[in-house]
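Following: one structure in structure tokens, then a few remarks.
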Amino acid sequence: MSTKYIFVTGGVVSSLGKGVASAALANILESRQLEITVMKLDPYINIDSGTISPIQHGEVFVTEDGAETDLDLGHYERFIQSKMTYRNNYTTGRIYNEVICKERKGDYLGSTIQVIPHITDMIKEKIIACGYGYDVLIVEVGGTVGDIESLPFLEAIRQMGIDFTRRNTMYIHLTFVPYIKTAGEIKTKPTQHSVKELLSTGIQPDVLICRSDDLISSSSLNKIVLFCNVNNNAVISLINLNSIYKIPKLFNKQKLDSYVCKHLNMIVPKANLSVWDEVVYKEENTIYYVTIGMIGKYVKFPDAYKSVLEAIKHSGLYNRTLVDVKLINSKDLENGDCTLLNNLHGILIPGGFGCKGIDGKLFATKYARENNIPFFGICLGIQIVFIEYVRNVLGISEADSVEFNPTCKYPIISLINKCSNNKYEFINNSNLGGTMRLGNKKCLLSSNSLARNLYSSDIILERHRHRYAINKFLLKDIINTELFISGISLTNKLIEIVEIVTHPWFLACQFHPEFNSTPLLAHPLFIGFINAANKHKNNN
Ligand code: GLN
């Protein structure tokens, strides 16, 4: 079977959950035994999301092969089996960059380079490459229909409907159906306008997915059918749910997957979504309850920590625990007041960049270490652990990271090439974009360690995204047995995991385990952490 394409666009407003909707549809189709992957096209001009503040589009999701991508790719991986790669996320900037590089090489043989056909051809080439070998590729177009920036993407997907025929392509448009309080009714007009806008690009949607606070009445659904020129079983209502894990069943109940399979002429087995029943059951029937403090600087933007929050949720499902995550601004800890840390059953320091709020993170780490509170440090978190320990336990107050203090006297956190046994191949330029240690790296675990115990494996593969590392050459003489290095990278011998053996549960890692956690397969480190938080609660 040649690849079928499903294009998902959004209208009316942004943040409707197109990513989750695409992932949920992908999940149902996967359960119908189709090989499926999902791609995101982002209209912004950055080459990738690596240099964008997490305040703007949320976290940077890192793929196994080291691409710094949009957070929606995290949703895709959490809902389907296939792993995301560099091919699954393209931005306008990356498309233009490739076209311009080709032009400089002279590959266009004297042509004038234009949006149509050169940019649109490049977009189509990338879509086709991403779907290669799969039965179905879902392509999510970022932004909202009507944005100037997304026009080349819409034009490219319109052309694909002609190139591959309408039997092999499908357009799904996600819109918002607001409830107007004063009128006491929901309004379909924004949806009608948004479809009109989409039509102006030459795309007639086959299916509408309508986000709304409440169920949409059949008379309103009929109105949408009539005005938007779609079949009467092609309007799907996506009401606000208390769990995203309920979406696959909600779609399936409205026969979205059957409609898609029929349109794309795919004769496949029925969907089996029973796994979600168990997930939802566990979510609604928790036995334990813990409070975890996450100390970060983007506390007003939970999307900045999307995968960490999801991974905590997954391990909560595994441990039958409702986890209340308190996002604590590290700045608020800098006055030395520990009130915000009282009554926590676990403390987590997630990844981060720059020197803002570091003192608060050091304070929280010291508090967890001294008060035997389960502690989990991720990426920046492990660097904080070392600085805190060397300063406060070993008494070397000048210990710091060159990231926060480039001229510090005791740079125990240094650029990676200074910390590696082998000559570390740093991408040799001063650019910030795409030059970190990225993606999957193997790590060797020490026997008898907490990490080895949790992973039940000697070698693990985890994703990275960091520029600095622990300078073991500087630490050589002072590391003692309490601070136990339990994970070392296989090729560069970088410090990857540290534990405090005298503490009930204290572990920090240089990689990002959160990217490998799914609702059906919680991550061992998160499982261990939430389990320890439960124990801590019981003992105190
Ligand atoms: N800022 C640190 C570094 O670059 C940690 C990065 C992170 O937490 N992802 O090494």
Side-chain angles (χ1 to χ4, degrees), residues 48-55 57-64 66-69 71 74 294-299 301 303-309 311 327 330 347-362 364-365 375-388 399-406 408 411-420 424 426-427 429-441 443 462-472 474-475 487 489 492 494-498 507-517 525:
D48 59 34
S49 62
T51 55
I52 306 180
S53 160
I55 292 175
H57 301 277
E59 77 171 9
V60 174
F61 183 81
V62 182
T63 59
E64 287 184 342
E68 298 172 270
T69 71
L71 109 174
M294 186 152 100
I295 323 295
K297 65 176 172 183
Y298 305 121
V299 291
F301 308 93
D303 270 1
Y305 304 107
K306 190 75 199 169
S307 292
V308 178
L309 292 170
L327 283 163
S330 46
I347 289 179
L348 190 152
I349 310 270
F353 292 84
C355 57
K356 246 198 233 155
I358 292 301
D359 287 342
K361 292 180 186 181
L362 288 165
T365 307
F375 175 91
F376 191 11
I378 295 175
C379 204
L380 177 66
I382 192 174
Q383 301 175 359
I384 295 286
V385 164
F386 273 89
I387 298 172
E388 192 279 316
D400 213 334
S401 164
V402 291
E403 181 179 11
F404 319 139
N405 178 4
C408 73
I412 56 163
I413 313 297
S414 311
L415 277 169
I416 294 172
N417 49 353
K418 294 231 163 80
C419 311
S420 165
Y424 183 77
F426 232 132
I427 296 170
N429 66 33
S430 56
N431 283 353
L432 284 185
T435 52
M436 282 185 264
R437 180 171 178 249
L438 291 164
N440 262 2
K441 312 281 171 205
C443 167
E462 292 281 7
R463 302 183 204 185
H464 296 70
R465 181 173 184 247
H466 63 123
R467 196 177 304 284
Y468 304 92
I470 294 126
N471 192 335
K472 60 180 175 184
L474 262 185
L475 288 169
S489 71
N492 296 298
L494 294 166
I495 293 179
E496 294 276 13
I497 309 178
V498 70
L507 184 145
C509 52
Q510 187 62 79
F511 47 81
H512 290 272
E514 69 270 24
F515 296 139
N516 276 328
S517 174
L525 295 184

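Here the structure is a predicted model, which is why all the values come from computation and not from measurement. Order of listing sets the numbers, starting from 1, for every ligand and every atom in it.
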Only one of Asp400, Ile387, Ile384, Asn405 passes side chain to side chain contact (heavy atoms under 4.5 Å, CB included) with Ile358, and that residue is Ile384
Does Gly351 reach ligand 1 with a nitrogen or oxygen that is under 3.5 Å from one of the ligand's nitrogen or oxygen atoms?
no
Give me the nearest non-hydrogen protein atom to atom 5 (C) of ligand 1 as residue plus atom name, then the distance to 0.1 Å.
Gly352 O, 3.4 Å
Thinking salt bridges, do Glu462 and Lys441 make one under a 4.0 Å N-O criterion?
no
When you compare ligand 1 with Gln383, is there at least one nitrogen or oxygen pair between them that comes in under 3.5 angstrom?
yes
Relative to the heavy atoms of Cys379, which atoms of ligand 1 are at a distance of less than 4.0 Å?
5 (C), 6 (C), 7 (C), 8 (O), 9 (N)
N/O separation below 3.5 Å, Arg467 to ligand 1:
yes
Please report the interatomic distance OG1(Thr365) to CD1(Ile349), rounded to the nearest 0.5 Å.
4.0 Å
Would you call Lys356 and Glu403 a salt bridge, taking side-chain N to carboxylate O under 4.0 Å as the test?
no
Does a side chain donor of either Arg437 or His466 reach within less than 3.5 Å of an acceptor in the other side chain?
yes
Looking at His512, which atoms of ligand 1 are within less than 4.0 Å of one of its heavy atoms?
9 (N)
Gly354-ligand 1 polar pair, N/O distance under 3.5 Å
no
As an exercise, identify every atom of ligand 1 less than 4.0 angstrom from a heavy atom of Arg465.
6 (C), 7 (C), 9 (N)
Value rounded to 0.5 Å, distance of CD1 in Ile470 from CZ in Phe386
4.5 Å
Check each atom of ligand 1 against the heavy atoms of Glu403 and keep those under 4.0 Å away; list them by number with element.
1 (N), 2 (C), 3 (C)
Take the angle between the ring planes of Tyr298 and Tyr305 and call it parallel below 30°, perpendicular above 60°, tilted in between.
tilted
